[in-house]
Asker: 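Here it is: the structure, laid out below.
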Amino acid sequence: MTQENITSVLVEKRTFSPSEDFVSQANLNKKEYERLKSKAETDFEGFWSELAEKNIHWFKKWDKVYQWNEPFSKWFTHGKTNVSYNCLDRHLKERANKTALIWIGENGDKRKITYGELHREVCKFSNVLLSLGVKESDRIVIYMPLIPEAVVSMLACTRIGAVHSVVFGGFSKEAILSRINDAKAKIVITSDGGYRRGEIVPLKNNVDEALKKCNSVEKVIVVQRTKNKIEMKDRRDLWYHELLSSSSEKNDAEKLDSEHPLFILYTSGTTGKPKGILHTTAGYILWATLTTKWVFDIKDSDVYWCTADIGWITGHTYVVYGPLSCGATVLLYEGAPNYPDWGIFWKIIDENKVNIFYTAPTAIRAFMKAGDEWIKKYKLTSLRLLGTVGEPINPKAWLWYHSNIGKEKCPIVDTWWQTETGGILISPLPGITAIKAGSATFPLPGIFAEVVDEKGNKTKPEEDGFLVIKKPWPSMIRTIYGDDVRYKETYWSRFKNEPAMGRAGEPAKREAVYFTGDGARVDKDNYFWLLGRVDDVLKVSGHLLSTMEVESCLVNYPLVAEAAVVGYPHEIKGNAICAFVVLKNDVTARSDSDEAAPSGIVEDLKNYVAKAIGPIAKPDQIRFTETLPKTRSGKIMRRLLRDIASGKTTSGDTTTLEDASVLEKLRTNE
Ligand code: WT7
């Protein structure tokens, strides 16, 4: 994307305002919102100071709200707090018998765990870690299915000041290996296996393989989940339940510095080598807590379900830390959305009276593809608020979600954020914002987001540009673990603030601003529209096109369930467009390259795009496929599709692929 415009075709014009009932009970009302927004603008430090004092338990108050030493920030300096204390201990007086976790296993197992019980188990496990010689700032890799012990492990690490790095349980042994080595982890916590669509994933075996090439790991702690046969290596491998049975329940949460490292999380790495994003203690838990209150409108009586795995940032901030810090009841489901059938999520919602449901657009499109009959079997009357995250939601999927799941009464919060931002930065507030389908609406109070052009100047309304954040915020990334240079280059080298007036004789100073890597547009009503990663923008015959908009257009075609668009080199046009298309379940068609393919649908689709966006966007190739290569957070790995479209062998990292067999399938489709 340069100064030129990207062709825009997002067409939904209606707005959706919250009902009076919702407004009257919302955690954040319009008056308070206006007060917070203007306080953030006029008294930035006072704003954060007020919120930190009200929302977090401090063992010792901080002396400075923040320190900015470009591009490194420190928040609430010299304060002392503890994330695990904020999520557990501070609720014990009022909520010891309240359910903290409702856990449902893929095989139908169910457990309810109260705050009192969770606290006890976390204390015991903290003592186990201490007895194994874990010291503050030691790194611990967690490679587990979505079971309560995974949450216990995370909270125990934060309690004693160890730094966790959660690796998604669906990742391969290569992925664990590179993450263990990058972080030089001392302990790995895993389980014998995990269930995935009725099969057992051999987690412990993967760890064994990886550890053949690591020398930092001293102990492996194994939770018994599937009881499949595994090898326990003498002196290295220990059973979780055995360790816990002899461990004391008494453990005082460590009084940790505000900037104590909290966790490392490797990002999806849609480009290049995965980056270890480092978050720290106080700022992170403050923003996780606040956004959960504001955006999810959490109440003590709510049952809240975010479908993310703990292996990605949504699982950290909005499965574990945010909701537990708010004292909520959190539902955890171990399984996939289509096992045993496509009705399982709706069954869980009805049976557990889920009130708040947060998922990804990719899942929503999969549900649309599966057909409405799965939804009609269930009532879904307990739901009061819906959310989405991970990618722009195309208006068609938004409207489907709104009417089929939300029954037209639930606000939908389309939350924009990143692993690096730690928590939601741009999102509707459900009791306040009039929502436009497909827009993440406005930055939250305290967040100074802007869309700028190539030179860093604010764009005019409706003009496309680059999304930047102009002021630091408490839950921001502190660095890329072990690589300050890459941190600076990736996020802080592309755009600068407009120059402040230099004092006489001094050059004007331009401060770096945080570059998100996303394209965006602000419309005439100041709504933010996200346009996907800038790296994914296509240049065709000199015109810039957002892949996301071509995709949104393709899925408007009645037979299409999902689409991914990439460019491949073309002598004349610079780039030609290749669209990988997944059709709805009951339709079959074959690709362009297949001579026997009925040309009807292929031509029809190409013309459909040409008509909606313009001839420039007409795909040169349509390839039908059953699945797309995605990261676990549902992000399409266009880099891999580009290689396929241009006939190259795949280069670069593929360890973040959710399902490694997809690439093979795509190639044999050629
Ligand atoms: C990238 C961050 C935030 C947790 C999930 C993924 C895209 C995320 C939205 C949204 C449009 C979105 C952006 C962002 N993204 N949410 N609501 N609308 N785009 O975390 O893997 O770090 O990915 O996801 O491109 O930069 P992540």
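Every number for a ligand or one of its atoms is a count from 1 in the order of the listing. Note that this is a predicted model, so its numbers are computed, not measured. Any value given below was found using the heavy atoms of this structure, including those in side chains, with hydrogens, waters and symmetry copies removed.
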Asker: Can you name the atoms of ligand 1, numbered from 1 with element, that are less than 4.0 Å from a heavy atom of L530?
Answerer: 11 (C)

Asker: I'd like the name of whichever of E391, M548, R533, H316 reaches closest to atom 9 (C) of ligand 1 through any heavy atom.
Answerer: E391

Asker: Within the structure provided, determine whether F580 and I636 are in side-chain contact (heavy-atom separation under 4.5 Å).
Answerer: no

Asker: Under 4.0 Å, heavy-atom basis, I'd like to know which part of T421 is in contact with ligand 1: side chain, backbone, both or neither.
Answerer: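 The answer is neither.
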
Asker: Provide the number and element of each atom of ligand 1 under 4.0 Å from a heavy atom of I313.
Answerer: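 Those of ligand 1 that fall under 4.0 Å from I313 are 4 (C).
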
Asker: Kindly confirm or rule out an N or O of G390 lying under 3.5 angstrom from an N or O of ligand 1.
Answerer: yes

Asker: Does K407, at its NZ atom, have more than 12 non-hydrogen atoms belonging to other residues, nucleotides or ligands within less than 6.0 Å?
Answerer: yes

Asker: As an exercise, identify every atom of ligand 1 less than 4.0 angstrom from a heavy atom of D414.
Answerer: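 Matching atoms, with element in brackets: 10 (C), 17 (N), 18 (N).
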
Asker: Which is it for W398 and F16 under the ring-ring contact (aromatic ring centres under 6.0 Å, His included) test, yes or no, and what are the steps along the way?
Answerer: CA-CA 12 Å; W398 194 99; F16 298 79; 4.8 Å; yes

Asker: So, taking the atom named CD1 in I176 and the one named CD1 in I142, what distance separates them when rounded to the nearest 0.5 Å?
Answerer: 13.5 Å

Asker: State plainly whether the residues K630 and E562 are in salt-bridge range, i.e. N to O under 4.0 Å.
Answerer: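 Result for this pair is yes, salt bridge flagged.
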
Asker: Side chain, backbone, both or neither: which part of T419 has a heavy atom under 4.0 Å from ligand 1?
Answerer: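 Both the backbone and the side chain of T419 come within reach of ligand 1.
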
Asker: Within ligand 1, which atoms have a heavy atom of T314 less than 4.0 Å away?
Answerer: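 This gives 4 (C), 5 (C) as the contact atoms.
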
Asker: Distance under 4.0 Å to a non-hydrogen atom of V389: what atoms of ligand 1 satisfy this?
Answerer: 3 (C), 4 (C), 5 (C)

Asker: Under 4.0 Å, heavy-atom basis, I'd like to know which part of Q418 is in contact with ligand 1: side chain, backbone, both or neither.
Answerer: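 The answer is both.
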
Asker: For W75, run the ring pair (Phe, Tyr, Trp, His ring centres under 6.0 Å) check against W473, W48, W68 and tell me which one passes.
Answerer: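 So, applying the ring pair (Phe, Tyr, Trp, His ring centres under 6.0 Å) to W75 and each of W473, W48, W68, only W48 qualifies.
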
Asker: Taking the basic N atoms (NZ, or NE/NH1/NH2) and the acidic carboxylate oxygens, is any pair closer than 4.0 Å for R179 and E174?
Answerer: no

Asker: Output the list of atoms in ligand 1 that are nearer than 4.0 Å to some heavy atom of T415, sorted by atom number.
Answerer: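 In order of numbering, the contacting atoms are 9 (C), 10 (C), 16 (N), 17 (N).
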
Asker: Using a cut-off of 6.0 Å, state whether more than 12 heavy atoms not belonging to K488 lie near its atom NZ.
Answerer: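 It does not: K488 NZ has 12 such atoms or fewer within range.
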
Asker: Is ligand 1 less than 4.0 angstrom away from at least one heavy atom of A440?
Answerer: no

